[in-house]
> 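I am attaching a structure below and will ask some questions about it afterwards.
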Amino acid sequence: MQEQRNSELSNKVLIVGGGMGGIRAALDLAEAGRDVVLVDKSYSIGGLMTSLDRTFPTNNCDLCTLSPRLSESGRQLHIELMTMTEVGSLTGSVGKFKAGLTTRPRYIDLHKCTACGECYRQFPECVRFTPGLDHRAPTCMRYPQATPYAFSIDIDACKDIEALVGVCPAGAILPDDRQTTHEVDAGAIILAAGSELFDPRVLDTYGYGVYPNVVTSLEYERILSASGPTGGALVRPSDGKKPRKVAWIQCVGSRGLQKGSVPYCSSACCMYALKEAMVTRERFLEDIETTIFYMDMRTYGKDYELYLQRAKNDYGVRFVRSRPHSIDPAFSDGAMTGALDIGYMPYGSNLPAAEEFDMVVLTVGFRVSNEVRELAARLGVELNDHGFAKTETFEPVASSTPGIYVCGLFETPKDIPETLVQAGAAACCASAHLSSLRVVNDKKDDLPPERDITGEDKRIGVFVCDCENNIGGVIDVKAIAAELLGLPDVVAAETIGHGCSRDSLERIQEVIRKEKLNRVVIGACSPRTHEAVFQDTLRKAGLNKYLVEIVNLRDQDTWVHPDKPAFAASKAKELMHMGVGAVRMTHPLTDYTLPMNKDVLVVGGGVTGMKAALSLADGGFKVSLIERSQHLGGNARKLRRTLGGDDVQAYLATLVAKVEGNENIQVLKQAVVVDHTGMAGMFKTGVQVGPRMVYRQLVHGITILATGALPNRPSEMLLGKHKAVVTQLDLDSVIEDDPEKVKALQNIVMVQCVGSRVPENPNCSRICCQSAVKNALRIKALNPDASIYVLYRDMRMPGMQEEYYTRAREKGVVFVPYELDDMPVVGADGDKISVTFTDPVLGSTVNVPSDCLVLSTGFVADEESTEDLGIIFHLPRTSDGYFLEDHVKLRPVDLPTPGFFVAGAAHSPKNLRDSIAQAQAVASRAQTFLAGDAINMGAAIAKVDSNRCAACLICVRACPFDVPFINSEGHSEIDPAKCHGCGTCASACPAEAIALMQYEDDLIFAKLDGLFERTA
Amino acid sequence: MESFQPVIVAFCCHYCAYTAADMAGSKRLHYPANVKIIRVPCTGKVSALHIMEALRKGADGVYVAGCLDGDCHFRSGNTCATKRVAYVKKLLDEIGIGGERVEMFAMSAGMGEVFARTATDFTEKIRDLGPNPARVGLDKLGCVGAGA
């Protein structure tokens, strides 16, 4: 424990910005027992993501994924939410900040408003809204599950205030509401202020704002959205007709030098354009053509390359490598048709081309708004040239002011998973400045007592979620609900819009109370992701949480049978009948709990593992850090400089010293994991340590995997066979140690994607483009006359890295793209290497005799160790051998098995900076887990009916964990604290004396009956 | 027999096969709607009786899908299940229903494609085999409502 942390320090964090990043940071802190004040200038939280229709790479509907988070956020008792609020002033310093907050009047009493919408219906001009397209969305709430769920009045637009007040049935309108100010004490501050989207009106070449069928990507997103202005119908703004040809133009306002453009890359746009094109093709199939005009497709995230391949191969999205120079209206008989001609120079051609499209989407990137710049100035946070927060490579979320952290788009352009990772990292850093007093569970939920349902007749309520188009677009949910109402015991059956939204959950509670339900069936998405949300709802309505059955209508029906709606509908009915059958057999159950072990095991002593260990050790947790080699440091031991020029070895030396000197960290080198038992909160892991392989057992509550990846060395292009062929990693050291050798080089050729983005290793290794640019710039600095050719497929330099790419071109580095079916040909030529490739601009083959051939080989998964660890810990992996996280978008560092987390290159290839952010995020997630004092083991425990037990020992032999034993009374006994709940004993027992709670035999048989009563 | 739509019951373990089925959903991989999944914590929970009951009540085919060998979340539940499925197959051969109507499959949580392919292949196999003779027999006796 750190002595300087005492109760004088605040336990509170102020988070500015209630988008995805702010919400995630708030939830992490609150779950770890910290108090949070979350302020947002808008009238509801959710930020930019709430305007999106679906998100990549799951092509899931956002509202479904975000809204459980939002209701969580509204529910969390440690979080004080302040909307329409801004930070006016800041005094004090880290540990003892004082922030002055200003809240604008909402003119609505949040406690009274039920969001019935009466005010909007009668006085639409008086209600605030955020415009999506030029006309209004069907409701003025920003999205259907707004938090707080209340309107906001624009008093200046209101002519008859008295009449407006009169229409509100709840009496919630407060015409005399005034601006208020508050002062908040905070130990640390997180800025998650987000960014705006570029407004392409300033570009005179694309006719945005002039031609109605030129829209921005966000507007297109709103058109596709079921809660958008067209109710989800894809129509052209000019004439309401469905377009047949849609084009996307990438990098509008980004990666440019012309007026109004910024030089950086906005990072997320390639992926979201792919998503929009895929969703368009999916929904309208053969009727519509989709074309993307691009410079480089930057799909560098985890499995994003596979997403690009899917767009190309499965969805038939067309790709044209070119940056169009103009958009002009198309004419027919002298009149504008509404269609648009895109003028462009096809890559590798000297002849200009033009093509007609019905609609053009401008893919716009991110900009820091003036408001956020002013906020940063008020708080004394330094910004870079483009208004993003200034941070250091090794402290990716620390701003220039101690105690103020940043995350998300305000740090640099990025996508949602990376925003969530940074949010976790910011939460981790912020909690390091708080008082060490953890006040957990001091404010208990006000749950009603559980109703005793013994003796009650079964009263089943059925709720069918339409999940917007995800379920309702394929099957008629109303018809299903109506049909189920005819089943015995079913007393209520209705559809619910977004089943997981706050209002739907409240509606379920209301029906439970009103109809005195004692069983509930919910037809929705997967119980894997949403069971807890619905269980919680039952509990709030006074029912035991195990009296619900979730039927997976989305992931296992409408998503997989959209091509056969009739089959999908009959399957949905069958599944619902199975659910109703099963729920009849449910009965109230109690969760078992055990005390929690709060120690941490970190596997992997690279930078990621060390950083995670240090963050947790500084928080007072005992950490065992195990490393299989003799040294800490991992891949960073071989790395000399980062793209920004930081000295990696100096940083590493400091980090290793801190880790080895920390009394809360036990470092075990030459250690390998050999066995593992237990569950989250009570793991036991066996390791063999040192040259003598001494066996030790570690007892710990959670496990963090930071096992990294391996530098790839494929035996391609003479690597390992000719001394002039090296990898970027080799070259990094040569430049550092032997500058004279570099000065003597004349021709250098670099080949990108060697051993990456190929069938054997399908993903992008992410670090190679930056390594090539880094090394090219360093060679140019030492030897300006050297000729450097970089042969690439797509240059992937996201965010501010783009500036280094631009600089390299300015310095004369030549970048030439190649295609996978026209690879550069490499041959030995004495001391030199002859490299032959096609130059698309020249339209001919070029041969370069080079004295150094540098292969950008990137990473491969450490198959051997992830496979071993995957088996020992029972963790899933991706097809290319990286650990598979629980949810690619919303839980990027949580593994599916509770108590396991992953960070760094073991998750997917990434650079040092991103690895450090993940290490901190994992530490934050770990703290949320370790904050509790008890482990909930759930209710799925095997129980023995002693009257039927014949003590035959079959269960004793069947149990994979050796739990059952024959007790002194002569029958089998199963200790609930040890039972893992697999049910193997229950199905082995010949006397059917054992039942696995939650999965009893009669429940399974009832499902079968439910299925066959329809199909027999 | 072209219009024969077999009913397939798939017992899927929560940690691998059921997750793989969800993964198939996320990736929008299509497979026949004939397959109805029953979620179990582990394939070790599936007894011979569960499989036999499914067939008796009218399933034309039943499969149990669990984790890859050595990958079971509960150590060895899937090995138990493999043995039980083999036992049920033998039993079905003996009573003339045919063991090929029951199968054990293994897949990891990430294998959405494998889930979809397995569901498709198994459905086609059962379609080729025709209706479950036990069910046809019951239909003839008039014990169950008229079959298709």
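Order of the sequence lines fixes the chain letters, A, B, ..., with proteins taken first and strands second; residue numbering starts at 1 for each chain. Reckoned from all heavy atoms, side chains included, excluding hydrogens, waters and symmetry mates. Computed from a predicted structure; not experimentally measured.
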> Indicate yes or no: at least one non-hydrogen side-chain atom of Met52(B) is less than 4.5 angstrom from one of Val88(B).
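Met52(B) reaches Val88(B) side chain to side chain.
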
> Sort Ala59(B) into side chain, backbone, both or neither according to what part of it lies under 4.5 angstrom from a heavy atom of chain A.
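Both parts, backbone and side chain.
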
> Under a 4.5 Å cutoff for heavy-atom pairs, which residue among Pro41(B), Pro32(B), Gly77(B) has the most contacts with chain A?
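Of the options given, most contacts go to Pro41(B).
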
> Has Ser26(B) got a side-chain atom pairing as donor or acceptor with Asp22(B)'s backbone, closer than 3.5 angstrom?
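Yes.
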
> Is Thr19(B) close to chain A through its backbone or its side chain, or both, or neither, when contacts mean heavy atoms under 4.5 Å?
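Contact with chain A is through both the backbone and side chain of Thr19(B).
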
> For Arg39(B), which atoms come within 4.5 Å of any heavy atom of chain A: side chain, backbone, both, or neither?
both

> Any salt bridge linking Lys571(A) with Glu574(A)? Criterion: basic side-chain nitrogen under 4.0 Å from a carboxylate oxygen.
no

> Under a 4.5 Å cutoff for heavy-atom pairs, which residue among Ala54(B), Ala81(B), Ser108(B) has the most contacts with chain A?
Ala54(B)

> What about the rings of His561(A) and Phe567(A), do their centers lie closer together than 6.0 Å?
no

> Give the member of Ala109(B), Cys16(B), Ser76(B), Ala33(B) that has the highest number of heavy-atom pairs under 4.5 Å with chain A.
Ala33(B)

> Could you tell me which portion of Met111(B) (side chain, backbone, both or neither) has an atom closer than 4.5 angstrom to a non-hydrogen atom of chain A?
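Neither part; nothing is under 4.5 Å.
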
> Any side-chain heavy-atom pair from Phe1012(A) and Arg56(B) closer than 4.5 angstrom?
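Result no, sub-4.5 Å side-chain heavy-atom pair not found.
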
> Report which part of Glu992(A) has an atom under 4.5 Å of a heavy atom belonging to chain B: side chain, backbone, both, or neither.
side chain

> With a 4.5 angstrom heavy-atom cut-off, which part of Val9(B) approaches chain A: side chain, backbone, both or neither?
side chain

> Counting only non-hydrogen atoms closer than 4.5 Å, does Leu68(B) touch chain A with its backbone (N, CA, C, O), its side chain (CB onward), both, or neither?
neither

> Heavy-atom cut-off 4.5 Å, strictly under: side chain, backbone, both or neither for Ser879(A) against chain B?
neither

> Quick check on Ala942(A) against chain B: is it the side chain, the backbone, both or neither that has a heavy atom closer than 4.5 Å?
neither

> Quick one: what part of Leu884(A) sits under 4.5 Å from any heavy atom of chain B, side chain, backbone, both or neither?
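Leu884(A) touches chain B through side-chain heavy atoms alone.
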
> Highest number of heavy-atom pairs under 4.5 Å with chain B: which of Thr677(A), Ile872(A), Asp563(A), Asp314(A)?
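Winner by heavy-atom pair count: Asp563(A).
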
> Just verifying a value: how many Å separate Lys83(B) NZ and Met104(B) CE, rounded to the nearest 0.5 Å?
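It is 12.0 Å, given to the nearest 0.5 Å.
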
> Checking the side chain of Arg554(A) only, and the main-chain atoms of Asn470(A) only, is there a donor and an acceptor separated by less than 3.5 Å?
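Looks like no, no N/O pair under 3.5 Å.
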
> Under 4.5 Å heavy-atom distance to chain A, tell me which part of Phe11(B) shows up: side chain, backbone, both or neither.
side chain

> So which of Pro960(A), Cys959(A), Cys982(A) has the biggest tally of heavy-atom pairs under 4.5 Å with chain B?
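With the most close heavy-atom pairs to chain B, the winner is Cys982(A).
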
> Look at atom CG of Asp69(B) and say whether more than 12 heavy atoms of other residues, nucleotides or ligands are closer to it than 6.0 Å.
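It does not: Asp69(B) CG has 12 such atoms or fewer within range.
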
> Identify which part of Phe961(A) has an atom lying under 4.5 Å from any heavy atom of chain B, answering side chain, backbone, both or neither.
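Contact with chain B: backbone and side chain both.
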
> I'd like to verify something: which residue of Asp555(A), Asn552(A), Thr878(A) has the highest number of heavy-atom pairs under 4.5 Å with chain B?
Asp555(A)

> Spell out, as yes or no, whether a donor-acceptor pair under 3.5 Å connects the side chain of His874(A) to the backbone of Cys72(B).
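Indeed, once roles are kept as given, a pair shorter than 3.5 Å links the two residues.
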
> Any side-chain to backbone donor/acceptor pair from Arg84(B) onto Gly44(B)? Under 3.5 Å, distance only.
yes

> Can you tell which part of Leu29(B) gets under 4.5 Å to a heavy atom of chain A, answering side chain, backbone, both or neither?
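The backbone, not the side chain.
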
> Can a donor-acceptor pair be found, under 3.5 Å and without considering hydrogens, that links the side chain of Tyr63(B) to the backbone of Glu103(B)?
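Checking the backbone N and O of Glu103(B) against the side chain of Tyr63(B), no donor-acceptor pair under 3.5 Å is found.
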
> Using the benzene-type ring in the case of Trp, are the ring centres of Phe900(A) and Phe683(A) under 6.0 Å apart?
yes

> Please state whether the side chain, the backbone, both or neither of Asp557(A) comes within less than 4.5 Å of a heavy atom of chain B.
neither

